[in-house]
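First the structure, in the form of structure tokens, and then the observations on it.
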Number of protein chains: 2
Amino acid sequence: MAGPASHTSRAEQRRQTEARILATARQLFSEHGYDRTTIRAVARAAKVNPGLVMHYFGSKEQLFTQASAATPDEPISGTPEQLTEQLLATLHDKLTHEPTATLAMLRSMLTHPDATEGVRASLSRQQEQLSDILSADDALLRTGLTGAISLGVVIGRHLLQLDGLRDAPPDQIIELLRPCFESLTASGDS
Amino acid sequence: MAGPASHTSRAEQRRQTEARILATARQLFSEHGYDRTTIRAVARAAKVNPGLVMHYFGSKEQLFTQASAATPDEPISGTPEQLTEQLLATLHDKLTHEPTATLAMLRSMLTHPDATEGVRASLSRQQEQLSDILSADDALLRTGLTGAISLGVVIGRHLLQLDGLRDAPPDQIIELLRPCFESLTASGDS
DNA sequence: GTCTATATTCAGATAGAC
DNA sequence: GTCTATCTGAATATAGAC
């Protein structure tokens, strides 16, 4: 691969190769899911040997763990009114550029137990934070719904690529969804 | 398995065995998805031989096709106002008893191309019908959102079993979602 | 440090015995 | 019509050569 390395030390070379493998794995996991992504395919796409992938990451499971490690959502805080805007802003961000690592986890969330747990944990954390602010007796259901709705819209856009959702401007989507989130974060009992 | 069959003809016996295999396959596909469900596991759970499953259904793909064949949604028609109630009624039904066949398809929709196409086709059909009624210039986006929201809530309840969503009474969920659907089916431009 | 060769396991599918 | 035995291919993982 590398010609006579000018400044790249051996350790630096290794770091770059490892990063390239990881980026390739993220991409393939996000497109085809855990089970249908093979170590061999990752190696081929990253232009390295399959054995090297194993050597660096230990196992397919560990490779997936690293490839799907996403930065956790911003903590939510403030008044119930601010809450709606924060949720919409977070969703807007996910609609514009959801990181490949997150898509890798979402892609496998229905079929790979680790991914299921990852998504559940992430949503649960958010539900806890939100429920503290809402403090209604059906808070957990309301926050579960905002999470499920966000999840459905993200999946519909990035993974299923539904007509109408796939190419719509994020701003327009957010505007249409604002009443939904407002009604769900409103404190009035049904 | 069968003792001295009293009234069951050989053809009847076969029909029953085939139905038992299909029901078992539906269950396992809906729990673990396409890739992690093996012919062998289906055979074991149905108390038949793996060869018999192949003999009856030809291939794993064909078994999945039959196991995940769901009855299509009711056609939607009427005025925009009736439309909201119909969507909510359909969702209420899915929250109470989503058929195992549908869950089998939903479980694999992110990782198995056939299932992806099945879900996309089902949602597209519904979007077409709804868009005809709405006749707003952003109709396709609005109907895409109602589909994505329904999908997210069904997945959150049945497949991810999110806290708050998992055990909530369908009536209560529907009430909380009514404003969402009303705002999305309202004809006013944003 | 990188890659080759291979061991091991397990899946779907097939052919043929009872 | 039902089941046993087996073929074939592919995947992860390992051991060792360069």
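On a predicted model such as this, the values are computed, not experimentally measured, just so you know. Quick note on labels: first sequence line is chain A, next is B, and so on, each numbered from 1.
In this structure, A:F57 places its CZ atom 12 Å from P of C:dT2, rounding to the nearest Å. Atom CD in B:E12 sits roughly 17 Å away from atom C1' in D:dT2 (whole-Å rounding). Rounded to a whole Å, the CZ atom of B:R40 is 11 Å from the C1' atom of C:dT9. Across the protein-nucleic acid pair, B:E61 atom CD and C:dA13 atom C1' stand 14 Å apart, rounded to whole Å. When rounded to the nearest whole Å, the span between NE2 of A:H55 and P of D:dA17 equals 16 Å. Taking atom OH of B:Y56 as the reference point, atom C1' of C:dT14 lies 17 Å away to the nearest angstrom. At whole-Å resolution of the value, CZ in A:R14 and C1' in C:dC3 are 14 Å apart. The nearest whole Å value for the distance from the CE atom in B:M54 to the C1' atom in D:dC3 is 15 Å.
A:S108 places no side-chain N or O within donor-acceptor distance of the main-chain N or O of A:A115, the cut-off being under 3.5 Å. When atom types are taken as modelled, the side chain of A:E128 and the backbone of A:R125 share no donor-acceptor pair closer than 3.5 angstrom.
A salt bridge links B:E12 and B:R15; the closest N-O separation between the charged side-chain nitrogens and carboxylate oxygens is under 4.0 Å.
Side-chain proximity of B:N49 to the nucleotides D:dA13, D:dT4, C:dT14 is greatest for D:dT4. With distances taken from any side-chain atom of B:I39 to the nucleotides C:dC3, C:dT2, C:dG12, the minimum falls on C:dG12. Listed nucleotides C:dC3, C:dT2, C:dA13 differ in distance to A:V48; the shortest reach to its side chain belongs to C:dC3. The listed nucleotides are C:dA11, D:dT4, C:dT4; the one nearest the side chain of B:T38 is C:dA11. Here D:dT2 is the nucleotide among C:dA13, D:dT2, C:dT2 with the atom lying nearest to any side-chain atom of B:L52.
Classified by interplanar angle (parallel below 30°, tilted 30° to 60°, perpendicular above 60°), the ring pair A:F64/A:Y34 is perpendicular.
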